[in-house]
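On a predicted model such as this, the values are computed, not experimentally measured, just so you know.
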Amino acid sequence: MKKMLFIMNPFAGQKKVNRHLADILLEFSKAGYEIITHMTTASGDAASAAERLSKDVDLVVCAGGDGTLNETITGILRSGVKTPIGYIPAGTTNDFASSLGLSTNIMQAAMDIIQGEPEELDVGKFGDRYFSYVASFGAFTRSSYVVPQNVKNALGHTAYVLGGISELSQIRKEHIRMEIDGQVVEDDFLFGAICNSTSIGGIVSLDPRQVDLGDGLFEVILVRGPQNLGEITECIQAVQSQEYNCEMITFRSARHVKIFANPEMPWTLDGEREDGHAEVEVENLHLAISLIRRKANA
């Protein structure tokens with residue numbers, strides 16, 4: 001019999017996955033899996049379970065938000081195996097699921113895993129940590145880990161928007177130097193992201209035609225601090241039109257990024273806080289994971 005590890009964050013999103021737990025396990029049992037179930041209780045719990053148990057199973061299914069997926073991927077990478085991953089998105093924003101075109105209907109997502117096929121995807125490595133879709137700094141990136149979980153559950157995506165608005169009075173420009181595949185970019189930036197996704201925090205979106213999640217490249221977007229109303233308008237128009245090559249915005253694709261910044265400036269990795277670094281390297285781990293997606297003709 002095939003074995004499966006089911007990792008679930010029972011506090012994710014509006015706890016909607018909790019109502020479907022028995023039905024989810026039933027469908028995987030009918031598909032021939034002997035299931036090990038692990039409920040997360042604290043930060044780092046999913047990573048620990050995935051690292052400890054993924055070597056002994058044929059499939060790891062993660063039910064939760066992007067942070068839970070991040071931990072699951074981290075654990076599998078640390079284990080040194082490439083066990084296929086199924087993702088049931090049940091968080092507040094589900095950026096990565098949106099980029100992958102995964103269903104946010106709990107039971108449909110489960111069935112898509114059962115009927116789907118594994119696809120190899122890139123993963124980012126930020127210093128000694130991993131990220132599945134984004135490492136970011138500056139405006140709005142704090143919202144994901146500052147907004148309390150109970151507020152996220154009550155307000156959903158609106159919590160991120162409100163959290164971002166509340167940050168406006170605290171936003172400051174950060175002086176950053178980046179070596180992007182050897183090319184130097186240095187300036188005062190309001191926001192920056194190194195990503196492998198078409199959506200960042202549900203606020204910034206990239207043209208899906210420009211983003212390939214398995215091409216060995218990140219998309220790097222840096223927004224300079226506006227000096228006047230005209231520059232603010234230029235930024236807004238660029239974001240709305242997804243035309244990011246303008247004076248206010250640097251948009252590049254890259255395999256490797258070296259960053260020099262204020263060590264007091266925090267980062268966000270897949271919605272989770274990361275302490276600042278005076279110097280840190282970010283590399284693309286090409287086709288490092290195998291994630292199950294619905295068949296194209298299904």
(request) Take M178 and K258 through the side chain to side chain contact (heavy atoms under 4.5 Å, CB included) test and state the conclusion after the steps. (result) CA-CA 6 Å; M178 283 193 182; K258 192 171 184 178; over 6 Å; no
(request) For side chain to side chain contact (heavy atoms under 4.5 Å, CB included), just list the numbers for F6 and I24, CA-CA rounded to whole Å, side-chain angles, deciding distance to a tenth of an Å, and then say yes or no. (result) CA-CA 10 Å; F6 181 69; I24 292 170; 4.0 Å; yes
If every non-hydrogen atom of [X] is compared with every non-hydrogen atom of [Y], which pair is closest and at what distance?
X: A12; Y: G65; answer: CB-N, 3.8 Å
X: V134; Y: C195; answer: CG2-CB, 3.8 Å
X: R273; Y: P266; answer: NH1-CB, 3.5 Å
X: L5; Y: A50; answer: CD2-CA, 4.2 Å
X: E272; Y: G67; answer: OE2-CA, 3.9 Å
X: P89; Y: L102; answer: CG-CB, 4.4 Å

(message) Suppose the criterion is salt bridge (Lys or Arg N to Asp or Glu O under 4.0 Å): which pairs have a residue in residues 122-135, not counting sequence neighbours?
(response) R129-E274
When rounded to the nearest 0.5 angstrom, what distance separates [atom1] in [X] from [atom2] in [Y]?
X: S136; Y: L269; atom1: OG; atom2: CG; result: 8.0 Å
X: L69; Y: E71; atom1: CG; atom2: CD; result: 10.0 Å
X: M8; Y: L21; atom1: CE; atom2: CG; result: 5.0 Å
X: R252; Y: I221; atom1: CZ; atom2: CD1; result: 12.5 Å
X: T40; Y: N9; atom1: OG1; atom2: CG; result: 3.5 Å
X: H20; Y: E27; atom1: NE2; atom2: CD; result: 12.5 Å

(request) Apply salt bridge (charged side-chain N to carboxylate O under 4.0 Å, His left out) to K16 and list each qualifying residue two or more places apart in sequence or on a separate chain. (result) none
What pairs of donor and acceptor atoms, side-chain ones from residues 28-39 against any protein atom, are under 3.5 angstrom apart with sequence neighbours left out?
from, atom 1, to, atom 2, distance (Å)
S29, OG, L25, O, 2.9
H38, NE2, D45, OD1, 3.3
H38, NE2, D45, OD2, 3.4

With a 4.5 Å limit on heavy-atom distance, are the side chains of [X] and [Y] in contact?
X: N262; Y: E174; value: yes
X: L213; Y: Y133; value: no
X: V185; Y: E179; value: no
X: I249; Y: R224; value: no
X: P263; Y: M265; value: no
X: I7; Y: V60; value: yes
X: I259; Y: I194; value: yes
X: L291; Y: R293; value: yes

Do [X] and [Y] belong to the same hydrophobic cluster, where Ile, Leu, Val, Met, Phe, Trp and Tyr are linked whenever their side-chain heavy atoms lie under 4.5 Å apart, directly or via other members?
X: V57; Y: I73; value: yes
X: L77; Y: L59; value: no
X: V220; Y: I176; value: yes
X: I106; Y: I85; value: no
X: L287; Y: L121; value: no

(request) Kindly give the cluster partners of L26, where membership spreads through any ILVMFWY side chain lying under 4.5 Å from a current member. (result) none
Looking just at side-chain N and O atoms, do [X] and [Y] make a donor-acceptor pair shorter than 3.5 Å?
X: S48; Y: R52; value: yes
X: Y87; Y: D112; value: no
X: T83; Y: S54; value: no
X: R294; Y: S103; value: no

(request) Starting from the C-alpha separation in whole Å, work towards a yes-or-no answer on side chain to side chain contact (heavy atoms under 4.5 Å, CB included) for L222 and F137. (result) CA-CA 10 Å; L222 299 166; F137 70 86; 4.1 Å; yes
(request) Using the ring-ring contact (aromatic ring centres under 6.0 Å, His included) rule, collect all pairs that involve residues 103-132, keeping only residues at least two apart or in two chains. (result) F126-W267, F126-H277, F131-F218
(message) A quick test of your reading: do over 12 heavy atoms of other residues, nucleotides or ligands sit less than 6.0 Å from NZ of K3?
(response) no
(message) side chain to side chain contact (heavy atoms under 4.5 Å, CB included), that's the test. Do K55 and V81 meet it? Break it down for me.
(response) CA-CA 6 Å; K55 296 178 183 178; V81 298; 3.7 Å; yes
Keeping the roles fixed (side chain from [X], backbone from [Y]), state whether a donor-acceptor pair exists under 3.5 Å.
X: D181; Y: H256; value: yes
X: N70; Y: D270; value: no
X: N105; Y: M107; value: yes

(request) Run the numbers on R177 and E186 for salt bridge (charged side-chain N to carboxylate O under 4.0 Å, His left out), then give the verdict. (result) CA-CA 4 Å; R177 173 187 167 93; E186 185 170 3; 3.5 Å; yes
(request) Please name all residues satisfying side-chain hydrogen bond (donor to acceptor under 3.5 Å, both in side chains) with D188, sequence neighbours left out, ordered by chain then number. (result) H175
(message) Test salt bridge (charged side-chain N to carboxylate O under 4.0 Å, His left out) on E120 and K82; report intermediate values, then the result.
(response) CA-CA 10 Å; E120 293 186 321; K82 204 172 183 179; 2.6 Å; yes
